[in-house]
Amino acid sequence: MTQTAYASATPSSSVKPVTPEPSRDTPAIEMRNVSCRFISPDGKATVALRDFTMSVARGEFVAIVGPTGCGKSTTLSMITGLLKPTVGEVRIMGEPVNGIDPRIGFVFQNDAVFPWRSVLHNVAAGPLFRGKPKDAAYALAEEWIRRVGLDKFSNHYPHQLSGGMRKRVALAQTFINSPEILLMDEPFSALDMQTRTLMQDELLQLWSSQAGSVVFVTHDLEEAIALADKVYVLTARPATLKSVYEIDLPRPRVMSEVRYEQRFIDISRKIWSDLREEVHIS
């Protein structure tokens with residue numbers, strides 16, 4: 001008997017609605033004509049984002065660039081559900097955002113690690129919080145600590161680690177939960193150039209193995225181009241979408257090499273000429 005026939009032959013009181021799985025063609029993230037307005041304590045309204053539309057496919061790496069204070073981080077807050085749009089709609093896997101979604105991982109600009117916990121306990125915290133048995137959680141944490149190259153530092157505390165090491169802990173904390181969507185808010189901005197390049201390569205390797213969707217906010221145009229499949233350029237505040245660029249550089253990419261390719265240089269010049277106008281305005 002087919003599912004349809006079974007449903008029609010069963011009393012309606014015992015039939016439970018089934019939520020269909022979203023199609024693989026359904027975008028991981030959709031923002032449709034979104035605007036966001038803040039009201040200050042003195043009653044003054046500030047529009048941070050206006051009529052913004054963005055679509056992120058499954059497994060796609062998207063970067064957002066724009067002038068300082070234009071609302072780049074605001075887009076991430078609305079995707080997480082921490083902030084609701086004033087108008088417009090935000091969807092995750094085809095469904096409207098309604099609170100915090102466990103399928104989303106977030107890497108902040110500042111280290112979101114517990115200073116009183118060792119590397120091992122920091123990385124295991126996520127699986128434990130999600131109900132994974134203790135032994136399994138710690139075994140998985142040890143695996144991810146090895147994957148980010150910190151297996152000799154699992155018993156160290158955050159204050160005993162360099163900035164790059166703490167960022168590796170943050171990546172392990174995030175990827176251990178197998179997020180379908182990864183949001184990153186200038187995660188490498190505080191690192192020196194050499195460490196930053198190593199962390200960018202680390203991110204690309206982890207992302208390629210997980211195949212999740214990424215939205216990466218950055219002020220660094222070269223970083224955006226080197227990492228992303230697509231770059232969204234925002235205008236000065238109140239920010240709206242100015243342009244979208246497809247990045248057709250082949251993968252896999254090595255950060256220390258891709259910047260010297262002629263195609264990279266051509267794309268960088270083109271996007272900078274677009275972005276420069278907004279930087280002057282802001």
Side-chain angles (χ1 to χ4, degrees), residues 27-56 60-101 103-112 170 174 179 181-191 213-225 227-228 230-245 270-282:
I29 303 168
E30 286 183 283
M31 303 184 77
R32 301 175 180 174
N33 306 114
V34 167
S35 296
C36 187
R37 181 180 64 180
F38 297 100
I39 305 296
S40 66
D42 61 2
K44 184 178 179 181
T46 301
V47 178
L49 200 63
R50 182 181 62 195
D51 196 28
F52 178 67
T53 294
M54 179 176 72
S55 178
V56 182
E60 187 174 36
F61 198 125
V62 165
I64 302 177
V65 298
T68 300
C70 74
K72 298 185 295 297
S73 297
T74 300
T75 63
L76 301 186
S77 296
M78 287 189 286
I79 294 169
T80 62
L82 295 173
L83 183 65
K84 291 185 177 181
T86 308
V87 297
E89 184 179 35
V90 182
R91 286 179 169 263
I92 298 296
M93 306 299 182
E95 296 295 325
V97 171
N98 185 20
I100 306 301
D101 193 314
R103 294 172 294 182
I104 296 176
F106 205 126
V107 179
F108 299 90
Q109 181 175 357
N110 296 321
D111 301 322
T174 303
I181 293 172
L182 179 60
L183 307 178
M184 309 190 77
D185 192 357
E186 298 189 72
F188 307 139
S189 61
L191 303 177
S213 303
V214 180
V215 180
F216 190 101
V217 164
T218 179
H219 280 99
D220 187 333
L221 179 56
E222 288 194 354
E223 180 176 60
I225 296 169
L227 290 172
K230 191 184 296 178
V231 174
Y232 281 72
V233 179
L234 300 187
T235 67
R237 179 176 284 193
T240 190
L241 180 60
K242 182 171 186 179
S243 49
V244 183
Y245 292 88
K270 187 175 182 180
I271 300 180
W272 171 240
S273 66
D274 205 4
L275 180 60
R276 180 172 49 195
E277 300 173 5
E278 304 305 321
V279 173
H280 286 315
I281 292 171
S282 66

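Note that these values count all heavy atoms, side chains included, but never hydrogens, waters or copies made by symmetry. Predicted, not measured: the structure shown is a model, and the values here were computed from it.
- Scanning all heavy atoms of the two residues, the minimum distance from Gly105 to Pro179 falls at N-CB, 3.6 Å.
- Within the structure, every pair that satisfies the salt bridge (charged side-chain N to carboxylate O under 4.0 Å, His left out) test and touches residues 31-43, not counting sequence neighbours, is listed here: Glu30-Arg32, Arg32-Glu89.
- Of all heavy-atom pairs spanning Phe106 and Thr174, the tightest one is O-OG1, 3.9 Å.
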- Would Ile92 and Ile29 satisfy side chain to side chain contact (heavy atoms under 4.5 Å, CB included), going step by step from the backbone distance to the final call? CA-CA 5 Å; Ile92 298 296; Ile29 303 168; 4.0 Å; yes
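- A side-chain donor-acceptor contact under 3.5 Å links Ser73 and Asp185.
- Here the CE-CD1 distance, from Met93 to Ile181, works out to 4.0 Å after rounding to the nearest 0.5 Å.
- Between the side chain of Thr240 and the main chain of Arg50, a donor-acceptor pair closer than 3.5 Å is present.
- The line from CG of Leu221 to CG of Asp274 is 10.0 Å long, rounded to the nearest 0.5 Å.
- Here the closest non-hydrogen pair linking Leu241 and Leu234 is CA-CD2, 4.2 Å.
- Remark: Glu277 CD to Trp272 CH2 distance equals 10.5 Å, nearest 0.5 Å.
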- Query: Can you list the steps and then say if Met78 with Leu49 is a side chain to side chain contact (heavy atoms under 4.5 Å, CB included)?
  - Reply: CA-CA 11 Å; Met78 287 189 286; Leu49 200 63; 3.5 Å; yes
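- How far CG of Asp220 is from CD of Glu186: 9.5 Å, rounded to the nearest 0.5 Å.
- Residues forming a side-chain hydrogen bond (donor to acceptor under 3.5 Å, both in side chains) with Glu60 (at least two apart in sequence, or on another chain): Lys230.
- Heavy-atom minimum distance, Pro187 versus Val217: CD-O, 4.3 Å.
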- Query: Which is it for Met54 and Ile79 under the side chain to side chain contact (heavy atoms under 4.5 Å, CB included) test, yes or no, and what are the steps along the way?
  - Reply: CA-CA 11 Å; Met54 179 176 72; Ile79 294 169; 4.1 Å; yes
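- Here the closest heavy-atom approach between residue Lys84 and residue Cys36 is recorded as O-SG, 4.3 Å.
- Distance check: Thr74 OG1 to Leu82 CG gives 11.5 Å after rounding to the nearest 0.5 Å.
- Partner of Pro67 under the side chain to side chain contact (heavy atoms under 4.5 Å, CB included) criterion, out of His219, Glu278, Arg276: Glu278 alone.
- Residues Thr80 and Val97 approach most closely at C-CG1, 4.5 Å, considering heavy atoms.
- Atom CZ of Arg91 sits about 12.0 Å away from atom OG of Ser55, to the nearest 0.5 Å.
- Phe188 and Phe216 have tilted rings, their planes meeting at an angle from 30° to 60° on a 0 to 90° scale.
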